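Just below is one structure, and these are the notes that go with it.
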4 protein chains.
Amino acid sequence: MKATNVADDVTHAAVRLFAEQGYANTSVQQIVEAAGVTKGAMYHYFESKDDLLFAIYERMLSLQKSHLDEIIARGGPVEDVLRTACVDVVETSIEFLAEGTVFFRSQHMLTEPRQQEVVRRRREYHDEFARLIQRGQAEGLYRADVPRAVLIANFFSDIHYLSHWYDPAGPEDKTLVAEQITDLFLTGIRRTDA
Amino acid sequence: MKATNVADDVTHAAVRLFAEQGYANTSVQQIVEAAGVTKGAMYHYFESKDDLLFAIYERMLSLQKSHLDEIIARGGPVEDVLRTACVDVVETSIEFLAEGTVFFRSQHMLTEPRQQEVVRRRREYHDEFARLIQRGQAEGLYRADVPRAVLIANFFSDIHYLSHWYDPAGPEDKTLVAEQITDLFLTGIRRTDA
Amino acid sequence: MKATNVADDVTHAAVRLFAEQGYANTSVQQIVEAAGVTKGAMYHYFESKDDLLFAIYERMLSLQKSHLDEIIARGGPVEDVLRTACVDVVETSIEFLAEGTVFFRSQHMLTEPRQQEVVRRRREYHDEFARLIQRGQAEGLYRADVPRAVLIANFFSDIHYLSHWYDPAGPEDKTLVAEQITDLFLTGIRRTDA
Amino acid sequence: MKATNVADDVTHAAVRLFAEQGYANTSVQQIVEAAGVTKGAMYHYFESKDDLLFAIYERMLSLQKSHLDEIIARGGPVEDVLRTACVDVVETSIEFLAEGTVFFRSQHMLTEPRQQEVVRRRREYHDEFARLIQRGQAEGLYRADVPRAVLIANFFSDIHYLSHWYDPAGPEDKTLVAEQITDLFLTGIRRTDA
DNA sequence: GATGAATGAGGGTTCATTCAT
DNA sequence: AATGAATGAACCCTCATTCAT
């Protein structure tokens, strides 16, 4: 029950340090010191510094994707499904705010193979999300006079931007904020002509 | 007519390389080789690699701020002013897409004093923009049931996100996209109750 | 038996090269090559080139201070104690002639914090020595018509100057020279009026 | 009458900066900025940074040598001549305290040819001084039981050491100090047996 | 599983000096 | 006489990774 503590401790220390100082400005030495382990131990669990960064993404990506799958699986009116999906991804992004900070800043620091893997995983999420929008457009709920890429970007941008303004220590409740952001998005894309 | 060629050549090479490979993964050696100058020459015009990064931001920040000042100075109904400001900042952000890519990824790599300066400059823009929203709210045009911080983030996030999806070589026209993004934003924040 | 060979080898090479060429004219590369180690290995044991210089001083300062403490602790007539202390510091300074050469030339090359530390350590030695002179004056042994600072400088100057003229390969025996220098000093400061 | 102002301004700035920061830590750029001239102008008057250092020594060496020549030329009892010479060299060394600081620290930074020249010039002074001691010994005034090299070092060391303790802003008068140092020296070397 | 000394390639930066103007 | 942009070689230092123990 303590076997994988090393991996966890290292991961947590890495997230914190990467978020505070950036990936490139954080040395492996700093990470293992903060985690209270030695370099050798760390390299026993992670192939490289790069691998550590990937592990951070992996955890968040898996979680959000499984949530989305589940929400869609539950079925229901597309508007409800979309709203639930949006609120969920904002909420989990707030829960993983440090991971998101690292993610959006340092994705490009990954080596090529892992970079590709991240892109692939994110595209899966993106495409599944896009199909919801598409269904809504087909039902005449959402604007079709704007490229779907713009509509989607309009929402995903908010996820990215959270770490630039949201303060977990501040007054705003994460669920409320998630609903507000979702509301602004859904209002913006609603079809109003007719 | 050749006086500052070194500085310009270096800046352009740096923007390109930073956008392609990231700031940390680009060596000063690579920059000067791409620019066709010597390291010594570069350090005659820039204090440090850090300074080079700052110069890239500086140019974009100055331009966008002076545009905003001018748009506000021209006056007019708040909705028109805000719309013009939004379209402008999206358009210039597309014109400086590489700079934006670098900016949003690598701002945290700046040394502390320059980081502060960037924050200060961005806050000036932010606050001026926020006053427009506030005026619109006072006139009853925009929702007041959502924190202003959320409304503003909803727009600025789109600026940030441009470099993640917009392809200058793609089919979308920059002005059209700017208008679409602005429209989604303004529709989203419009007051509809009553 | 080989544990700290790297640190020792580096230190010895550094003392030799600094004495021959000066601190500023000796590159870290030269030092590690002379010591037969790699740069990385050196930086595993020393924080910086500066640290290496400090380590050289440290060793000499510690030794001379502990000798002085011991000589004073043994007690006895002040004239005997002072004479023993003088002879000892000249002798050890001859034994560490290269270190002294480096010390007196390059102390000002240390970074501020280490410079302060050296000053502090030397002042400890100086003050302990000064108290011996003071005791001697109180007993009427030594001149009081000359500021104590001048009396003390008159001796310490000889320590400094050793590396400018003493040749370890020359005919002069170190103990004999130490006694001669001490004798000149003590004769010079003796009270003769009365 | 302003033609050589450049050379003078540069020299003074250099002495001050070398004394404050050390020769190696002072850049040519700092010197010309402090002197209010340009690099090109400086290199018009000095061959190199090295040359600048030599010029500082040259001025002091020439002055002290000419003083010694004159004092000896005036003739008189050897004790009086020696005393006058000692007082004079201490006094001028205090007047040129910054130059002395630089001299004793950085002589080894000179390139070989200039280093040789400095050594030659100093030996001239040394030898002339040594002959005075020798005459005194021949007359039975000074101890002959100690190598002459030790006797001479005993005095020159004080000159070297001045910059380590003498404070021009302090209470001690330079002439008085010169007499005190001379007195300690002459008392120390006086023949007392018989 | 775990250690941490050692590697070795590369990084950013400095600076005395030159030379076209 | 004077400028200052440009050179180019060297410098100190960092750090992800390896491997003998």
Side-chain angles (χ1 to χ4, degrees), chain A residues 2-7 23-33 37-53 111, chain B residues 2-7 10 23-32 36-52 111, chain C residues 2-7 10 23-32 36-52 111, chain D residues 2-7 23-33 37-53 111:
Chain A
K2 69 173 283 291
T4 45
N5 256 348
V6 169
Y23 175 77
N25 289 335
T26 302
S27 69
V28 170
Q29 189 59 45
Q30 282 180 301
I31 296 169
V32 298
E33 274 170 19
V37 306
T38 63
K39 257 187 214 180
M42 191 214 95
Y43 274 96
H44 189 77
Y45 291 98
F46 298 93
E47 290 177 12
S48 60
K49 187 185 175 186
D50 184 70
D51 191 31
L52 196 44
L53 182 57
T111 49
Chain B
K2 66 174 286 292
T4 45
N5 253 349
V6 169
V10 168
Y23 175 78
N25 288 335
T26 302
S27 72
V28 169
Q29 189 59 45
Q30 283 179 302
I31 296 169
V32 298
V37 305
T38 61
K39 242 188 244 193
M42 190 212 97
Y43 275 97
H44 190 76
Y45 291 97
F46 298 93
E47 290 177 11
S48 59
K49 188 184 176 188
D50 183 71
D51 191 32
L52 196 43
T111 49
Chain C
K2 67 172 287 291
T4 45
N5 253 349
V6 170
V10 168
Y23 175 79
N25 289 335
T26 302
S27 71
V28 169
Q29 190 58 45
Q30 283 180 303
I31 296 169
V32 297
V37 305
T38 62
K39 237 187 250 190
M42 191 212 96
Y43 276 98
H44 191 76
Y45 291 97
F46 298 94
E47 291 177 9
S48 59
K49 188 184 176 189
D50 184 70
D51 191 33
L52 195 44
T111 49
Chain D
K2 67 172 284 291
T4 44
N5 255 347
V6 170
Y23 175 78
N25 288 335
T26 302
S27 69
V28 170
Q29 189 61 44
Q30 281 181 300
I31 296 169
V32 297
E33 272 168 21
V37 306
T38 63
K39 257 188 212 179
M42 191 214 95
Y43 273 96
H44 189 77
Y45 291 98
F46 298 93
E47 290 176 13
S48 60
K49 187 185 175 189
D50 184 71
D51 191 31
L52 197 44
L53 183 56
T111 50

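To find a chain, count down the sequence lines: A is the first, B the second, and so on, and within it residues start at 1. The model shown is predicted, which means the values in this text are computed figures rather than measured ones. Hydrogens, waters and symmetry mates play no part in the numbers below; they use all other heavy atoms, side chains included.
Put simply, CZ on F46(A) is 16 Å from P on dT18(F), counting in whole angstrom units. Regarding L52(D), its CG atom lies at a distance of 15 Å from the C1' atom of dC15(E), rounded to whole Å. Rounded to whole Å, the distance from NE2 on H44(C) to C1' on dT3(E) is 11 Å. Atom CG in D51(C) sits roughly 14 Å away from atom C1' in dC12(F) (whole-Å rounding). Rounded to whole Å, atom P of dC12(F) lies 8 Å from atom CD1 of I31(C).
The side chain to side chain donor-acceptor pair (under 3.5 Å) search around K49(A) returns none, not counting sequence neighbours. Residues passing the side chain to side chain donor-acceptor pair (under 3.5 Å) test with N25(D), sequence neighbours excluded: none. Listed by chain and residue number, A7(A), V10(A), T11(A), M42(A), D51(A), L52(A), A55(A) satisfy the side-chain contact (heavy atoms from CB on, under 4.5 Å) test with F46(A) (two or more places apart in sequence, or in another chain). Every residue two or more places apart in sequence or in another chain that forms a side-chain contact (heavy atoms from CB on, under 4.5 Å) with T111(D) is listed here: D50(D), P113(D), R114(D). Taking S48(B) as the reference, nothing meets the side chain to side chain donor-acceptor pair (under 3.5 Å) condition, with sequence neighbours excluded. Applying the side chain to side chain donor-acceptor pair (under 3.5 Å) test to Q30(C) and every residue at least two apart in sequence or in another chain returns nothing. Residues passing the side-chain contact (heavy atoms from CB on, under 4.5 Å) test with Q29(B), sequence neighbours excluded: S27(B), V32(B), E33(B), K39(B).
The side chain of T38(C) places an N or O atom within less than 4.0 Å of a non-bridging phosphate oxygen (OP1 or OP2) of dT7(E).
Residue Y45(D) places its side chain closer to dA2(F) than to any other of dA6(F), dA5(F), dA2(F). Listed nucleotides: dT3(E), dA6(F), dA5(F). Nearest to the side chain of A41(B): dA6(F).
Atom name C1', nucleotides dT21(F) and dG1(E): the rounded distance is 13 Å, in whole Å.
Paired regions of DNA chain F, where each region holds three or more successive Watson-Crick or G-U pairs whose two hydrogen-bonding distances fall under 3.5 Å, are E:2-21 with F:2-21.
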Any protein N or O atoms within reach of nucleotides 10-13 of chain E? Criterion: under 3.5 Å, listing atom names and distances.
| unit_1 | atom_1 | unit_2 | atom_2 | d |
| --- | --- | --- | --- | --- |
| dG12(E) | OP1 | T26(B) | O | 3.4 |
| dG12(E) | OP1 | K49(B) | NZ | 2.9 |
| dG12(E) | OP2 | V28(B) | N | 2.9 |
| dT13(E) | OP2 | Y43(B) | OH | 2.4 |
| dT13(E) | OP2 | K49(B) | N | 2.8 |
| dT13(E) | O5' | Y43(B) | OH | 3.3 |
| dT13(E) | O4 | K39(B) | NZ | 3.2 |

